[in-house]
Visitor: 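To start, I am sharing the structure in question, which I have written as structure tokens.
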Amino acid sequence: MTTPLNAESAPATSNRSATPIILDSNGYAGTGEREQSPLLDGLNPQQKEAVKYRGQALLIIAGAGSGKTSVLTRRVASLLETRDAWPSQILAITFTNKAAAEMRERVHAILGQGSDGMWISTFHSSCVRILRREAEKIGLSSTFSIYDSADTKVTLKRIIKGLDADTYGFTPGSAGAKISKLKNELADADSYARNANMSDPQEVMFVEIFRQYSARLRAASALDFDDLIGETVYLFRAFPKVAALYRRRFRHLLVDEYQDTNHAQYALVHELTRPVTAELAQEMEDDGVHVRNLRDATGAIPGASLTVVGDSDQSIYAFRGADTRNISGFERDYPGAKVILLEQNYRSTQNILSAANAVIGHNFDRTDKKLWSAGGDGEKIVGFTAYSGHDEAQFVSDEIQVLHAAGMAYRDMAVFYRTNAQTRALEEILVRSATPYRVVGGTKFYERAEIKDALAYLIAVANPVDELALRRILNTPKRGIGPATETGLSSFADDNELTFRQAMRNSAALGLGPKVTGAILKLAELLDAAALMLVPTSVTDDGVPVGGSNDGAANVSEVLEFLLSGSGLLAVLRNSRDPQDEVRAENIEELVAQTKDFNKENPDGGLVDFLTQVSLVAAADDLDDASGTVSLMTLHTAKGLEYEAVFLTGVEEGLLPHQMSANEPGGPAEERRLFYVGITRARKRLYLSLAMTRAQFGDINVAMPSRYLQEIPADLIDWKQSPGMANSRGGTQPRALNARRDGGFGGFGNSLSGSGSSDGFGGRSRQQTGLPPGKPKTEWANKITGTVRDNGSLELTAGDRIRHHDFGEGRVNQVTGEGTKRIAHVQFDTAGAKKLLIKIAPIEKI
DNA sequence: GATAAATAGTTTTTT
DNA sequence: ACTATTTATC
């Protein structure tokens, strides 16, 4: 979000009168001019059609790498160029703010001036923008707070505690997930209660939690992420006249990543593209809203034209309520819709695409789509089976160095993984090898406690009724206000129908000690003083700020600095002896710097705009293309991005597909799509790696190769270290069916526990690192014996002597662990003390 | 009310 | 393994 929310006039008052949207009977308004437009240069016939088509509804099925962003951008530019739309009549919805910024930039680059007034933003940003304008209509303050999942969790925790609902098995997480799911279906506590089985005490309890949660948010004038969509839909349904203003304004709606829309988003799109009835249009005209040239023969305003772009094979957000039926049912929802299929891929080599096609082909119930490339086969996919997560990280790090030495920039490489927890091992190794990297997403800046503290001060100023923010800062920094005082204030507020903030001002009535009372009053005064700084000096008689900006009012950074010095938050961290507080102080200073940047970029932006921007940043938003670092991210974050070289790590059962997806209906299929998304991010080089063992919850688990690896034709993968024939339980099932069997590929053990590394389980042999990619396979084949390494039920006890393939002879001091995780603590005669996983270590009893 | 020690829960993905 | 939260003690 780079444009301030309040930077433009409301649609109702827009004075654009000429409204060049009208189509001829074919949906084309004179194609001659468009045919020659440079906008179509370099596009294939399908892409051209997607840019040129004019009609009510257009579905673009865009396979991965099929130039979808370019088509969407050019389509927007084309709408403007052919005068089918004014900029202000276009609403383009993207998945991330970064994608929105990119699109805005590209449209601007094509057209120069004239793209102002377009709304290009995410679902959530657009909804916030609408809701801030119309807040009073649905009983909200226009400065409403936006609760993130952590805020939701804290709120639910208090509710569950108050209800003793944990005895029914409710946790903030479980209740929150259920509430979110319901809100995505546009349900509320009441509508849920009507259909719930109220003879089930657990259901009764859940309804009560849901009710209280909704009530608390309302009292705090706060909305959670799901509310942003749901409340906008509610606004449009409950206030047809409000809806009509937006339907009148947005004549062209474009939605990217349509396969990942949930029901609430689907409903929102539907509300925005409905026609305005003749009666309502007449009413608008009578009210002085300019609608005449939009009205058709019956006097109604036809629904806006809708373009959606998506690919059901890349739907990976079902857990968040995404429903691919939105895309598969598009032609039913919008009769007469045009469907365009983009199958030519401009991103990846044919080898990568063939692998992707093979994998996704295993999903049934999909319309077959085959990506193809004119760019040649390219290099083979590289496979690698590591001994441990660390070993895998070492492989990734080594290969990154090889690629870099061969001339590839760090910024063109990315490492993907299924879970954020996998970053730890990768980071450790990358730091050690001095590889510049950056973790995209993960623990985000704005989620750090000290940043949330500082932001809570700002929120408390912007939205004084937000109890959550106030309670967060009540004793931060420490001012001697403990939990007893906090709950005392809270119930004092409830009993006297005051807001928490009012209770603070009246805290003298609580009969607390003079010290505590003084501290509370001082904080309340500080917040009041900060609020005064924001009151604009130049206002009209009826209190409306002149010029739509806070002329004369303090800007965000001034308010923040005032609050920081007034509260002592920064000073306390600076003077602390805890070394971590130094980092925290730096983070807060970084936040101050960000507010200054914000002031510069958004001269008209106010405190609320800043807080909104902060609330809605997505993981991929902080990706800096010019950073010159390797990017690390989850497969989910990777969607929509592309890199020269991609390392897809942790391709193991239990991780990809993830354990937790096994019970979910459609889980394995969604995990397969996730794998597919990861594969199709790669332009030239793709590395698939897995680890035989992986540390989790502090102990080591044996992992099997992912079932999805078997779905890739064997001749597409060049296994540098094959999963081979090693068995995990001494059986005869191959670990991966597509493993190369020629050339003597074999088990893990012998080849993997070469040099002994700091993890104590033996490290990977180094012989394959540092070699240029694409060396003949025989290099490895010769070094790996065909023996299968599996010690099965080898029994060892303290005192046994063993012989290790690399470390020589040693004595077992101790055996710990159970089953496949049994670990021998061995004192080697020459190699020192090692811990070995008995099952797979290259050892024998002597 | 603040510190230290013990314990529980965490890791699926995110706007 | 790590962190966050709760509990014991001063």
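Reminder, nothing fancy here: chain letters follow the sequence lines and each chain counts from 1.
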Visitor: List for me each residue that meets side chain to side chain donor-acceptor pair (under 3.5 Å) alongside A/T261, sequence neighbours excluded, and say none if there are none.
Guide: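 Only A/N326 meet the side chain to side chain donor-acceptor pair (under 3.5 Å) criterion with A/T261.
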Visitor: Which listed nucleotide (B/dT15, B/dA2, B/dT12) is nearest to the side chain of A/K478?
Guide: B/dA2
Visitor: What's the CG-P distance between A/D260 and B/dT15, to the nearest Å?
Guide: 12 Å
Visitor: When the C1' atoms of B/dT12 and C/dT5 are compared, how many Å lie between them, rounded to an integer?
Guide: 23 Å
Visitor: Return the nearest nucleotide to the side chain of A/H636; candidates are B/dT14, B/dT11, B/dT15.
Guide: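 Per side-chain heavy atoms of A/H636, the pick is B/dT14.
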Visitor: Identify, with sequence neighbours excluded, every residue that meets salt bridge (Lys or Arg N to Asp or Glu O under 4.0 Å) alongside A/K178.
Guide: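 In terms of salt bridge (Lys or Arg N to Asp or Glu O under 4.0 Å), with neighbours along the sequence ignored, A/K178 is linked to A/E203.
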Visitor: Atom CZ of A/F675 to atom C1' of B/dT12: distance rounded to whole Å?
Guide: 17 Å
Visitor: What about A/H658: does its side chain form a donor-acceptor pair under 3.5 Å with the base of B/dT12?
Guide: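 Side chain to base: no pair below 3.5 Å.
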Visitor: Classify A/Y317 by what it touches in the nucleic acid, base, sugar-phosphate, or nothing, heavy-atom distance under 4.0 Å.
Guide: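 Answer is sugar-phosphate: A/Y317 comes under 4.0 Å of backbone atoms only.
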Visitor: Rounding to an integer number of Å, can you tell me how far A/L616 CG sits from B/dT15 P?
Guide: 10 Å
Visitor: Could you encode protein contacts along nucleotides 2-10 of chain C as a string, one character per nucleotide from 5' to 3', using B for base contact, S for sugar-phosphate-only contact and - for no contact, with a heavy-atom cut-off of under 4.0 Å?
Guide: S--SS----
Visitor: State which residues pass side-chain contact (heavy atoms from CB on, under 4.5 Å) with A/R707; sequence neighbours excluded, sorted by chain then number.
Guide: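 Result, side-chain contact (heavy atoms from CB on, under 4.5 Å) vs A/R707: A/E653, A/P657, A/P668.
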Visitor: Assess the pair A/F647 and A/F416: is the distance between their ring centroids shorter than 6.0 Å?
Guide: no
Visitor: Given B/dT13, is OP1 or OP2 found less than 4.0 Å from the side-chain N or O atoms of A/T637?
Guide: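 Checking A/T637 against B/dT13: no side-chain N or O falls below 4.0 Å of OP1 or OP2.
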Visitor: Taking CD from A/E428 and C1' from C/dA1, how many angstroms apart are they, rounded to a whole number?
Guide: 11 Å
Visitor: Taking the six-membered ring for Trp, are A/Y317 and A/F319 ring centroids under 6.0 Å apart?
Guide: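 Ring centres of A/F319 and A/Y317 closer than 6.0 Å.
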Visitor: Quick one: is A/T634 getting a side-chain N or O under 4.0 Å of the B/dT12 phosphate, OP1 or OP2?
Guide: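 Answer no for this pair, as no side-chain N or O of A/T634 is under 4.0 Å from OP1 or OP2.
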Visitor: Under the rule for side-chain contact (heavy atoms from CB on, under 4.5 Å), what residues qualify as partners of A/T155, not counting sequence neighbours?
Guide: A/Y147, A/I159, A/Y213, A/R216, A/L217, A/L468
Visitor: State, to 0.1 Å, how close A/L228 and A/H124 come at their nearest heavy-atom pair, and which atoms those are.
Guide: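 Reported closest heavy-atom pair: CD1-CD2, 4.0 Å.
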Visitor: For A/N475 and A/R418, find the nucleotide of DNA chain B closest to each by heavy atoms; which residue's nucleotide sits nearer the 5' end?
Guide: A/N475
Visitor: Rounding to a whole Å, what distance do you find between A/Q259:CD and B/dT14:P?
Guide: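 Rounded to the whole Å, the gap is 16 Å.
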Visitor: Please report, rounded to the nearest Å, how far the C1' atom of B/dA2 is from the CD1 atom of A/I481.
Guide: 15 Å
Visitor: Identify each donor-acceptor pair in which a side-chain atom of residues 423-431 of chain A lies under 3.5 Å from a protein atom, sequence neighbours left out, and give them as a table.
Guide:
| unit_1 | atom_1 | unit_2 | atom_2 | d |
| --- | --- | --- | --- | --- |
| A/T423 | OG1 | A/N420 | O | 2.7 |
| A/E427 | OE1 | A/Y437 | OH | 2.6 |
| A/E428 | OE1 | A/H390 | NE2 | 2.8 |

Visitor: Check the distance between B/dT11's C1' and A/F319's CZ and give it to me in whole angstrom.
Guide: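 Distance check: A/F319 CZ to B/dT11 C1' gives 14 Å.
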Visitor: Checking contacts here: which listed nucleotide (B/dT15, B/dT12, B/dA2) is nearest the side-chain heavy atoms of A/E671?
Guide: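 The answer is B/dT12, which lies nearest to the side chain.
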Visitor: For the pair made of OH in A/Y147 and C1' in B/dT14, what is the distance, rounded to whole Å?
Guide: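 Checked: the OH to C1' distance equals 20 Å.
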Visitor: Which sits closer to the 5' end of DNA chain B, A/T485 or A/D226, going by the nucleotide each is nearest to?
Guide: A/T485
Visitor: May I ask you to evaluate whether A/N420 reaches the phosphate of B/dT12, defined as a side-chain N or O under 4.0 Å from OP1 or OP2?
Guide: no
